[in-house]
Amino acid sequence: MQRSAFSHARLMRESTDRVARALRSNDAKEHLVAQRVLATPGSWNAWELEHSGLMRQVADFVVLRNQAVALRHASLRLIHGKALFEYLRKHNVRGGARANILAHFHRTLHYSHAVVVEHTVYVRKACSYLCASHLGADVVHDPAFLDPMQQYETLFTEYFELYCSTLIPAADVQSESESESESESEPEPALLPLLKQQLSEWRWVILNPKQSLTHLKRESELRRAAGDTQKMRLLKFQKPGGK
């Protein structure tokens, strides 16, 4: 039986309930995001207004499958929107390196203003992504929000970190794990086109789940059988019409 589309009110109720659960969560990352959003009435109202606009774009579709597509598009944008602050925090980028990175992405803003703006953007986007992921996986029950979206986020993080590494000297970036960073090879900018291609392929998988579902199931079964739980970087398939 065809499931009904969700109203804007339902999407917002599910979202605010998810933020409340995040505040009580043992997951430190989502707990901190919820804490920041709920820190003041102003920060909560600002997030709620922005997220409401996002959910309005989803609720405007009257067919559930179209709402699922809108949620996927929104989630992809949110992954992109929170990436810069995550990179700065993960690699403890400070001083001139941080100033150079922020100047690259916020060309018209003074450094101190850019720092505040980027943190504010991150908190809102991360919170909305938390909610969108819940809506996609647990409310709409869209399989694209399981492995494919997680794979895309992991790959985009890798791509974005490599891109940022080309903007500043490697010596100015310190990873959270010294031992891990020492064991890893130096980033290779030449990999950027390949990673970008792989991102395009995962994006296609997410936005065209019916065409790609059989392939993904087969790949997942092969990985489990081989004991390989690492992320799949390059998809061995072609889009319809491809050579």
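Starting from 1, each residue takes its place in the sequence as its number.
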Hey, are His31 and Ser25 close enough side-chain-wise for a donor-acceptor pair under 3.5 Å?
no

[X]: partners by salt bridge (charged side-chain N to carboxylate O under 4.0 Å, His left out), with sequence neighbours left out:
X: Lys29; answer: Glu86
X: Arg21; answer: none
X: Glu118; answer: none
X: Arg98; answer: none

Which pairs, with at least one residue in residues 136-146 and sequence neighbours excluded, count as a side chain to side chain donor-acceptor pair (under 3.5 Å)?
Arg72-Asp142, His134-Asp138

Do Lys125 and Glu50 pass the side chain to side chain contact (heavy atoms under 4.5 Å, CB included) test, and can you show the C-alpha distance, the side-chain angles, and the key distance before you say yes or no?
CA-CA 9 Å; Lys125 303 294 185 188; Glu50 182 177 296; 3.9 Å; yes

Sorted by chain and number, sequence neighbours left out, ring pair (Phe, Tyr, Trp, His ring centres under 6.0 Å) with Phe61 holds for none

[X] versus [Y], closest heavy-atom pair with distance:
X: Gly136; Y: Phe145; answer: CA-CD1, 3.5 Å
X: Ser15; Y: Met55; answer: OG-SD, 4.2 Å
X: Lys82; Y: Ala126; answer: CD-CA, 3.9 Å
X: Ala132; Y: Leu78; answer: CB-CD1, 4.3 Å
X: Met12; Y: Ser52; answer: SD-CA, 3.6 Å
X: Phe160; Y: Leu84; answer: CE2-CA, 3.5 Å

Determine which pairs satisfy ring-ring contact (aromatic ring centres under 6.0 Å, His included) with at least one residue from residues 62-84, sequence neighbours left out, and list them in order.
His80-Tyr152, His80-Phe156

Apart from Trp47 itself, what residues make up its hydrophobic cluster when side-chain heavy atoms of I, L, V, M, F, W and Y under 4.5 Å apart count as a link, directly or indirectly?
Val19, Leu23, Val33, Val37, Leu38, Trp44, Phe85, Tyr122, Val123

[X] [atom1] to [Y] [atom2] distance, which is reported to the nearest 0.5 Å:
X: Leu11; Y: Gln57; atom1: CG; atom2: CD; result: 12.0 Å
X: Leu54; Y: Leu49; atom1: CG; atom2: CG; result: 11.5 Å
X: Asn100; Y: Tyr111; atom1: CG; atom2: OH; result: 10.0 Å
X: Leu192; Y: Glu158; atom1: CG; atom2: CD; result: 10.0 Å

Could you go through Arg203 and Leu76, starting from their C-alpha distance and side-chain angles, then the distance that decides it, and tell me whether this counts as side chain to side chain contact (heavy atoms under 4.5 Å, CB included)?
CA-CA 8 Å; Arg203 181 182 178 88; Leu76 292 172; 3.3 Å; yes

[X]: what forms a side-chain contact (heavy atoms from CB on, under 4.5 Å) with it, not counting sequence neighbours?
X: Val117; answer: His106, Leu109, His113, Val121
X: Leu130; answer: Arg18, Ala22, Glu30
X: Leu146; answer: Ala137
X: Gln150; answer: none

I'd like to know if Leu32 and Val116 are part of one continuous hydrophobic network [Ile/Leu/Val/Met/Phe/Trp/Tyr, side-chain heavy atoms within less than 4.5 Å].
no

Quick one: do Val69 and Tyr129 end up in the same hydrophobic cluster if we chain Ile, Leu, Val, Met, Phe, Trp and Tyr together by side-chain heavy atoms under 4.5 Å apart?
no

Could you walk me through whether Gln67 and Leu71 pass the side chain to side chain contact (heavy atoms under 4.5 Å, CB included) test, one step at a time?
CA-CA 6 Å; Gln67 288 189 329; Leu71 267 175; 5.8 Å; no

Any [X] side-chain heavy atom under 4.5 Å of [Y] side chain:
X: Arg10; Y: Val139; value: yes
X: Arg13; Y: Asp17; value: yes
X: Phe6; Y: Leu135; value: no

Result for side chain to side chain contact (heavy atoms under 4.5 Å, CB included) between Met149 and one of Val205, Ile206, Thr154 points to Ile206

Donor-acceptor pair, distance only, cut-off 3.5 Å: does the side chain of His91 make one with the backbone of Val93?
no

